[in-house]
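What you see is a predicted model; the values in this text were computed from it and never measured.
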Amino acid sequence: MELIASLIVVPVVAALLLLVIKNDRARDVIAIAFAALIAVLSIAFAVVFMGSGPVDYRVTPNLESLLSFASLVIDLVVAAFIVCYAVRYKRPLALGLAIVQILFALWIELFALRTKPLFSGSDLTTAVHVDALGVIMVLVIGIVGSGICVYALGYMKDFQAHELHENPQAKDRRPWFFALMFAFLSAMYIIVLADNMTWMYTAWEVTTLCSFLLIGFTKTEEAINNAFRQIVMNMLGGIAFQVAIIVLAAFHVPLMFTSFIQLGTSQPYLVLLSTVLLAFAGMTKAAQMPFHTWLLGAMVAPTPTSALLHSSTMVKAGVFLLVKLSPVFAVSLVPSVMVMLVGGLTFLFCSLLAISQSNAKRVLAYSTIANLGLITACAGVGTPEAVWAAILLIIFHAVAKSLLFLCVGTAEHHIGSRNIEDMDLLFERMPRLARFMMLGIMCMFVAPFGMLIAKWATLVSFVETGNVALIILLAFGSAATFMFWAKWLGKLSGIAGEPQNVELSVHKSEWVALLLMAGLVCVTCVLLPVMSSGLVVPYIQTAFNYGGQDISDGNLWIAAICAALVILMLFAGLGRSSKQKKVDVYLAGASVDNSARTFRGSMSQPVEATSRNMYLDGIFGEAKIASVSSAICTLVMVAGIALGLAWLVIVFMNLL
């Protein structure tokens, strides 16, 4: 229990220290030291609990009351922050939702928590529940999340220099930025380890507030608008979470997540509405359509924020909740269908929308939402094989996307653009970074890397359960995925715009983080069979009491060996100086200016030799797809909640 407490407390201490430290060197030392400590604690946690099976830590009623009161205080402080910002920026919708959350929080404390559960005779309450999925999430948060914090040290120095160049009077708000980053990690640890649903909800809302403040960090009009879009959408999910708790308390269900899952699998009709509401909360946090726009809006934030939101925190909280609910989805039709359809449709539509994007961060954003949709669909299917695939998708998405976001952030600072079309011949301009970027892209869609193996497992699970609609969505969505990743991958070795090396000024902290993320991609791909048998399968067998992976160990080892060979070839020769003679570009004898790559065309007019990807905006543009797809997913969610409410009325009438 001391180790778990350390995981939660250490990031809070780091946040408080970084909030008051103004000196760059002192900030670097403290941030790196605490990031390393968090990573070490996370690894130690995995070593202690890996293979031990589910472990519960309980507290006495008196301590539970104290912690619940602290949870209420945090809820009210979070809501007060939102109220203040809503009043300051005149946002009535955010203000109204914050007031509703305050009222529900007080109701839960004063009434819901006073209801004695009928389904538990114990005088003790589970405070923490540790299982194999919790171990996986702790490793993702502790290693990937802390690595992003280290990367931010160098990135934010360049960011602050740019701010001062634009406005010499600009304040240095980096202490606030780093405090929020580390506070984010602490809240995520609580989400994945707390068994008490009210404590989990508190941490859930802390991540919402931190995300709001990080997205609005630059305080531009666009940033403020996007921050409020995020908080409004996620507060809707937060209110759904609160209502789910209130409904459970009304039916005298213990507010422990493990007890809820046990009751949901044995008597799903009693928790139908609460399951639907919790699924809705998970899908808002995971930015599923129609709530995907908040994650797209997060792109205005500094790159470390984007990486943190998309890889190890925030959105992973949503899919974590959905995966935890998967045993209930397996026996409860309404929430299962709702989650499967929303996830599958989001995967297809966002994959298509990514085709029309040339902004690298928007490609990553749409790809993130699409992959979260696939994870959501797997959780909704609820079979052991589908959940096995979902957990692998979570792992590989976390490491690959964190690497890609950090690569794009560094490239943007050194080539002056985040547009894919400006990444011509990045192999010469930024040779190490280009290889890291290509590694991340290949991990996302190329065989034999991890994401494709997980998609293969997803397809197998869909076929075995006869979900024809999901098979079709997966097939077309995967085709779109191949198209937008292949375009980017090809552009990295396209025509050179400025072949000189421009990565010599990259900060050491950025290289450390990039090397860490690249190493994680390599390790997870090469050790896929070990990771499956040691972490993923034990959770599946615990959650479902049977089942496991639907791809043989032999095939996993073949994929791992092939991935290792591809990685070796990708990085072979890196750092060696080329002695080859460089010559001008040959333009078929019709050259006008070789340095500018212009030649004389068929009409004797100067033409620039360029290559540009097709984005098919007229077919896959946001104006064509976004509104229709959002409307379809909205209808599915509304139908699911309506059916849940109707079932609650039926159950209530029967009780009367």
Side-chain angles (χ1 to χ4, degrees), residues 39 143-144 147-148 150-151 154-155 303 307 311 360 364 367 395-415 420 423-454 485-494 496 498-531 556-580 582:
I143 300 177
V144 177
I148 293 171
V150 171
Y151 171 88
Y155 182 93
T303 291
S311 60
L364 293 178
S367 171
I395 295 170
F396 288 113
H397 181 267
V399 295
K401 274 299 171 61
S402 59
L403 174 61
L404 285 170
F405 267 105
L406 301 190
C407 285
V408 169
T410 298
E412 181 182 4
H413 275 181
H414 290 81
I415 68 174
I420 293 171
M423 295 183 183
D424 291 302
L425 206 63
L426 209 64
F427 248 89
E428 290 189 19
R429 302 165 73 186
M430 304 187 78
R432 285 180 291 178
L433 188 79
R435 284 171 170 81
F436 290 152
M437 192 178 291
M438 295 183 79
L439 175 64
I441 292 173
M442 288 192 296
C443 184
M444 290 301 299
F445 88 108
V446 173
F449 287 90
M451 283 292 288
L452 195 71
I453 301 301
W485 283 129
K487 288 193 302 180
W488 190 346
L489 191 62
K491 197 64 178 177
L492 294 177
S493 54
E498 296 178 16
Q500 71 271 20
N501 192 322
V502 295
E503 71 178 6
L504 302 178
S505 59
V506 176
H507 292 281
K508 290 182 179 179
S509 61
E510 294 182 53
W511 280 128
V512 168
L514 288 166
L515 285 168
L516 172 64
M517 301 308 169
L520 289 175
V521 170
C522 297
V523 168
T524 52
C525 290
V526 174
L527 297 183
L528 171 58
V530 177
M531 190 169 58
L556 293 183
W557 277 113
I558 291 172
I561 293 170
C562 292
L565 293 175
V566 173
I567 292 168
L568 287 175
M569 288 188 287
L570 178 63
F571 289 95
L574 181 63
R576 296 180 183 177
S577 58
S578 175
K579 296 182 179 180
Q580 294 180 348
K582 293 186 177 182

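Between C525 and F449, the shortest heavy-atom distance links the atoms SG-CD2, 3.6 Å. Closest of all the heavy-atom pairs between M430 and I415 is SD-CG2, 4.1 Å. Scanning both residues, L439 and A518, for their nearest heavy atoms gives CD2-O, 3.8 Å. The nearest pair of heavy atoms linking G154 to E510 is C-OE2, 3.6 Å. Closest non-hydrogen pair, A398 versus V144, comes out as O-CG1, 4.2 Å. The minimum heavy-atom distance between M423 and A360, with the atom names listed, is CE-CB, 4.0 Å.
Remark: T303 OG1 to E412 CD distance equals 5.5 Å, nearest 0.5 Å. Atom CZ of R435 sits about 8.0 Å away from atom CZ of F571, to the nearest 0.5 Å. Expressed to the nearest 0.5 Å, how far CZ of F445 lies from CG of L489 amounts to 5.5 Å. The SG atom of C443 lies 8.5 Å from the CG atom of L404; values are rounded to the nearest 0.5 Å. The distance from the CD1 atom of I567 to the CG atom of L570 is 8.0 Å, given to the nearest 0.5 Å. The CD1 atom of I561 sits 11.0 Å away from atom CG of L556, with the distance rounded to the nearest 0.5 Å.
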Take M517 and Y151 through the test side chain to side chain contact (heavy atoms under 4.5 Å, CB included) and record every step on the way to the result.
CA-CA 10 Å; M517 301 308 169; Y151 171 88; over 6 Å; no
Apply side chain to side chain contact (heavy atoms under 4.5 Å, CB included) to the pair L514 and L433, showing each step before the final yes or no.
CA-CA 8 Å; L514 288 166; L433 188 79; 3.7 Å; yes
List the steps, then state whether side chain to side chain contact (heavy atoms under 4.5 Å, CB included) holds for I420 with K487.
CA-CA 9 Å; I420 293 171; K487 288 193 302 180; over 6 Å; no
Could you check L406 against F436 for side chain to side chain contact (heavy atoms under 4.5 Å, CB included), going step by step and ending with a plain yes or no?
CA-CA 10 Å; L406 301 190; F436 290 152; over 6 Å; no
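Only one option out of V523, L516, T524 pairs with V399 in a side chain to side chain contact (heavy atoms under 4.5 Å, CB included); it is T524.
Between P448 and I558, the closest side-chain pair of non-hydrogen atoms is not below 4.5 Å. Between V530 and W557 the shortest side-chain heavy-atom distance falls below 4.5 Å.
At distances below 3.5 Å, not a single donor-acceptor pair connects side-chain atoms of T410 with backbone N or O atoms of C407.
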